[in-house]
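A quick write-up on the structure given underneath.
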There are 2 protein chains.
Amino acid sequence: MLELAILGFLSDTPLHGYELRKRITALTGHVKPVAESTLYPAIKRLENAGLLERATQPGSVAAPRHVLTLTEEGGQELRRRLAQPSRRDVTDENRWFTVLAFLKHLRDPEAQAAVLRRRLSFLEEPASFFYDGDRPLRAEELDDPFRRGILTIARATSQAELDWLRSTLDTLEPAAH
Amino acid sequence: MLELAILGFLSDTPLHGYELRKRITALTGHVKPVAESTLYPAIKRLENAGLLERATQPGSVAAPRHVLTLTEEGGQELRRRLAQPSRRDVTDENRWFTVLAFLKHLRDPEAQAAVLRRRLSFLEEPASFFYDGDRPLRAEELDDPFRRGILTIARATSQAELDWLRSTLDTLEPAAH
DNA sequence: CATGGATACATCGGAACCGAGGTATTGTCT
DNA sequence: AGACAATACCTCGGTTCCGATGTATCCATG
């Protein structure tokens, strides 16, 4: 996930690690902060895999910077990960937002629509948070106000996203669909 | 997080690991699945810490079950974790839903309200996903439809939760507030 | 001129996590 | 009788993650 964010931001433009960290923090960090001790090893992993290159620049403000640039393989890997997100990338909102943030790099509208459709079918799966045996419990059946809140909030959020997904898919898909 | 879910479900009623896993999967698993190889070590950790006890039962259906029961210290630890959630417990939706799912075990309405207020103040913090320097970008300023979607969805979800939080706080707090 | 804060990068050790695999029992379908 | 799924628990090895800590530079404030 972190790796996808790194590849995605570097596909927008070359950046040094510190700036990368700020952008990742803005994207997912207010929800799930990224520690530097997670980011720098991740950068090193991607560098060792040949997905990005670093060029040391004399520090314009303070310490010397390592400007990171995506390689050709890095761009391919980004598009591969965007086109074939794992199930968790689709279900976990943090991961999904990261996919969405960089989906534009998957230039083909049909490929973009296919990814959105995966999220759509996940959101359309019937799912609850609490069950009585196999039967999903509805908000009205819970006497715990906090658990009722979970269902209420989840329903509202998924409705908002369904609306957005359907209208966006309409603009991406040719009328033939 | 996983540990909080274990403590919380066992506070509802004693359970064996396999049943525990099914409940956790229902609660957070459709978003972020829980591997058995994560659950069983976590149970062992909590057992070693004296927070739960296991009693082996002859298997009623198949293999023998280890019925897990929360100890007195386990109940205290649960209430401590609920009353003082970490920042990540408040900001990360998966974690937050887990807190909500067991908040009823914090019997005191004022203590429950204090936890809800932490979430409220987090949601009220101005935050965006994309910035131009320090200035948060609004949905209308983005030409990428997917990034615009992120902002649109996030706004709708946070609005739904704010409404729920405020109305629930009204019922929890004495009129004096 | 000293203190602190921002910039910028890095390592270390411990914890958590997860996929793959293993063991054993019971019930069901063929 | 054999195959298979479901129940029920567990370990191992590799990866990732993160808090703590360290290094160094530059700038603003007092």
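Worth knowing before you read on, the calculation uses all heavy atoms, side chains too, and leaves out hydrogens, waters and symmetry mates. To find a chain, count down the sequence lines: A is the first, B the second, and so on, and within it residues start at 1.
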Q: Might you work through the salt bridge (charged side-chain N to carboxylate O under 4.0 Å, His left out) test for K32(A) and E93(A), ending with a clear yes or no?
A: CA-CA 11 Å; K32(A) 184 176 156 59; E93(A) 203 186 22; over 6 Å; no
Q | side chain to side chain contact (heavy atoms under 4.5 Å, CB included) evaluation trace for I43(A) with I6(A) | A | CA-CA 8 Å; I43(A) 290 173; I6(A) 295 172; 4.2 Å; yes
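A straight line from CZ of R87(A) to P of dG19(C) spans 13 Å, rounded to a whole angstrom. In this structure, R21(B) atom CZ and dC9(D) atom C1' are separated by 11 Å, rounded to whole Å. dA16(C) atom P lies 12 Å from atom CG of N48(B), rounded to whole Å. Whole-Å rounding puts the K22(B) NZ to dT7(D) P distance at 5 Å. Taking atom CG on L15(A) and atom P on dC9(C), their separation rounds to 11 Å, with Å as the unit. Between N94(A) atom CG and dT16(D) atom C1' the separation is 16 Å, expressed in whole Å. Separating the CD atom of E19(A) from the P atom of dC9(C) is a distance of 10 Å, rounded to the nearest angstrom. The interatomic distance linking L39(B) (CG) with dA20(C) (P) rounds to 19 Å, in whole Å.
With hydrogens and angles left out, the side-chain atoms of D170(B) and S167(B) include no donor and acceptor closer than 3.5 Å.
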Which protein N or O atoms sit under 3.5 Å from an N or O of nucleotides 17-21 of chain D?
from	atom 1	to	atom 2	distance (Å)
dC18(D)	OP1	R88(B)	NH1	3.1
dC18(D)	OP2	T38(A)	OG1	3.2
dG19(D)	N7	S37(A)	OG	2.9
dG19(D)	O6	S37(A)	OG	2.6

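For dC10(D), the OP1/OP2 oxygens have no side-chain nitrogen or oxygen of K44(B) closer than 4.0 Å. Between dC10(D) and Y40(B), no contact under 4.0 Å exists linking OP1 or OP2 to a side-chain N or O. For the pair R54(A) and dA10(C), the criterion of a side-chain N or O lying under 4.0 Å from OP1 or OP2 is met. Under 4.0 angstrom from either OP1 or OP2 of dA8(D) there lies at least one side-chain N or O belonging to H16(B).
Under the side-chain contact (heavy atoms from CB on, under 4.5 Å) criterion, E3(A) pairs with R45(A), L46(A), R81(A), not counting sequence neighbours.
The existence of a salt bridge linking E110(A) and R117(A) is confirmed by a sub-4.0 Å separation between a basic side-chain nitrogen and an acidic carboxylate oxygen.
Identified under the ring-ring contact (aromatic ring centres under 6.0 Å, His included) test for residues 114-161 of chain A, with sequence neighbours left out: F129(A)-H30(B), F129(A)-F97(B).
With M1(A) as the partner, the side chain to side chain contact (heavy atoms under 4.5 Å, CB included) test is satisfied by one option alone out of T28(A), D89(A), V34(A), D92(A): D89(A).
Closest to the side chain of Y18(B), from the set dC9(D), dA16(C), dA8(C), is dC9(D).
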